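Encoded as structure tokens, the structure appears first; notes follow it.
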Amino acid sequence: MPSPSRHRVVVIGSGVAGILTAIKLRERGITDFVVLEKADTLGGTWRDNRYPGAACDVPAHLYSYSFAPNASWTHRFATAPDLWAYFHGVAEEHGVLPHVRYRTEVADARYDAGTWHLTTTAGDQLDADVVISAVGRLHQPRYPDIAGLDDFAGPVFHSARWPADLDIAGKRVGLIGTGSSATQITAAVVGQVDRLTLFQRTAQWVWPMDNTPIPLWRKALLHLSKRYGTRYYWSLKEQIDFIGRAAKGDPAAVEARNQTVRDALGTVRDPELRAKLTPDYEIGCKRLVISGTFYDAVQQPNVDVVTTGIQQVEAGGLRTTDGELHELDVLVLATGFHADAYVRPMTVTGEDGVTLDDVWADVPMNYKSVAIPHMPDFFLINGPFSPGGSSSVLGIIETHVDYVLQLVDRVLAEDVALAPDPDRSAELLAEIRQRASQTVWGTGGCTSWYLDEDGVPLVNPVLLDELAADMATPVPEDFVVSARAGSSAG
Ligand code: NAP
């Protein structure tokens, strides 16, 4: 067997976070690193989600790297292909592409005497001083446990696996789910399909925001004036922070948010349909759906909203518990993701044989979402208990990457291994969980991908500015420092 290739740093994942990590490593002069990517292109979410209408519901100028503003965004929200092109372009411009090793999925990571030994699903081996997991949170499709899915005669697939060549024109399409993905699909396909049947288990609160074109004058100003660009960025951030402040319980923000979403629901004219679409839990408990088109789309005459439970899928369609068969040609499962998987199914074994499953037996224990006790020099970007709500994940990952790379600087400069102190990690996490459990995510009477099995949000209720202040510089006393035996330095 060939000896493992060895790198100072291995980054896992080449989505938005992995690309950023690679750019920042190169900026620091660290070039002995590889980015491992399980697919055959980079781009993560924006590569995988290509369903009709796939777009980011955070304003595009806010969903951009702070160091790479894009004055050419055409609309308030960017589509998946445009986002993919932007992130690919930035990666290319910053010299990331030669570092990416495609079709390489890490199955196992094992720490021994200062070295991480990685094994891929193909059996290849790599060694590294530092591992940075940038695998993202919403990438492992959650398939519903519904009887008969394999019996369906037509195409059936998860929203993140939409077949590129599928023609839905004139088809009877069934759509399971009413989250952000399903609502975007609804608005995009309603004008093409014969019938759309939306199988809704739980109604959603919808924040109406139109995807307005960026006017020419604004584009021109963005091209010409950095100062204007910064002002525009902050005004968008203020709008999004407003949703975050509401989630934290700020009374004025709560009132304004609630009024806005109730008014939007009030635009549904048919009282019966409006009743179906009215959630029975508090506004903001689930992540708000942000859409200026969903309510209009769902009122079109070729749309049915079915709230009766699903019994089974059959060759010709989907049968609900009232015995009715809803005949379908295509069935879309917009049923979300295993948001609590994080790095799994990869197995990780840290110092003294302690496994990730051991450390995460009760809760995904971590230090500030970026490090794990007993896992020296193994870091996460956007790990468990990262901030939630509707803030731009770009701000979160920029904060995390800056922080993690300060730790990496120390690891490489001093040739030490750093793992967060277990007691300090537990103390900080207990405090976050306590605050999170009191937010509307925990008390609002809903289930959501924010929650763990005990119903406690896996989310830090903190605004981006607060996160950035807290993570500006690592606190040395919070880390256990050990000498590294197997360094590749030299
Ligand atoms: P999601 O919010 O988890 O929604 C999944 C939907 O599927 C829910 O309506 C859920 O119902 C339903 N469902 C799951 N299993 C079911 C079953 N067995 N039977 C019937 N219904 C079932 O997933 P998502 O829409 O993919 O969105 C996930 C997250 O991705 C979003 O919250 C957002 O953060 C992100 N996202 C963002 C954008 C964007 O524009 N930025 C776009 C898409 C997604 P219940 O509510 O009853 O569980």
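What you see is a predicted model; the values in this text were computed from it and never measured. Read the numbers this way: they start at 1 and go in the same order the structure lists the ligands and their atoms. Below, all heavy atoms of this structure are taken into account, side chains as well, without hydrogens, waters or symmetry copies.
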Regarding ligand 1, does [X] bring an N or O atom to under 3.5 Å of one of the ligand's N or O atoms?
X	answer
Tyr51	no
Phe337	no
Ser181	yes

Distance under 4.0 Å to a non-hydrogen atom of [X]: what atoms of ligand 1 satisfy this?
X	result
Thr178	6 (C), 8 (C), 9 (O)
Leu138	29 (C), 30 (O), 34 (O), 35 (C)
Gly177	6 (C), 7 (O), 9 (O), 12 (C)
Ile176	20 (C), 21 (N)
Trp449	2 (O), 3 (O), 28 (C), 29 (C), 31 (C), 32 (O), 34 (O)
Gly336	3 (O), 5 (C), 23 (O), 26 (O)

Notebook entry, point to check: Nearest to atom 31 (C) of ligand 1 by heavy atom, Pro279, Cys446, Ser180: which?
Noted result: Ser180

Check: Of the listed options (Gln204, Arg137, Arg287, Arg201), which comes nearest to atom 10 (C) of ligand 1 when hydrogens are ignored and any heavy atom counts?
Finding: Arg201

What part of [X] sits under 4.0 Å from ligand 1 if we count only heavy atoms: the side chain, the backbone, both or neither?
X	answer
Lys286	side chain
Gln184	side chain
Ser159	neither
Ala55	backbone

I'd like a table of donor-acceptor pairs (distance under 3.5 Å, sequence neighbours excluded) in which one partner is a side-chain atom from residues 133-148, with atom names and distances.
from: Arg137; atom 1: NE; to: Ala339; atom 2: O; distance (Å): 3.1
from: Arg137; atom 1: NH2; to: Tyr342; atom 2: OH; distance (Å): 3.3
from: His139; atom 1: ND1; to: Lys38; atom 2: NZ; distance (Å): 3.3
from: His139; atom 1: NE2; to: Val135; atom 2: O; distance (Å): 3.3
from: Gln140; atom 1: NE2; to: Arg344; atom 2: O; distance (Å): 2.6

Notebook entry, point to check: Going by the angle between their ring planes, with limits at 30° and 60°, are Tyr86 and Trp73 parallel, tilted or perpendicular?
Noted result: tilted

Check: Would you call the rings of Tyr367 and Tyr403 parallel, tilted or perpendicular if under 30° counts as parallel and over 60° as perpendicular?
Finding: tilted

Note to self: Salt bridge check, Asp452 against Arg433: does any charged N sit closer than 4.0 Å to a carboxylate O?
What the structure shows: yes

Next item on the list: Would you mind checking if Lys276 and Asp304 are paired as a salt bridge, meaning a charged N to carboxylate O distance below 4.0 Å?
Entry: no

Checklist line | Donor-acceptor pair between Ser66 and Glu398 side chains, under 3.5 angstrom | finding: yes

Notebook entry, point to check: Could you give the distance from CG (Leu463) to CD1 (Ile243), rounded to the nearest 0.5 Å?
Noted result: 12.0 Å

Next item on the list: Taking atom CG of Asp322 as the centre, report whether more than 12 heavy atoms of other residues, nucleotides or ligands fall under 6.0 Å from it.
Entry: yes

Notebook entry, point to check: In chain order, what residues pass the side chain to side chain donor-acceptor pair (under 3.5 Å) check against Arg319, with sequence neighbours excluded?
Noted result: Glu314

Check: Taking Thr439 for the side chain and Arg435 for the main chain, is one N or O donor matched with an acceptor at less than 3.5 Å?
Finding: no

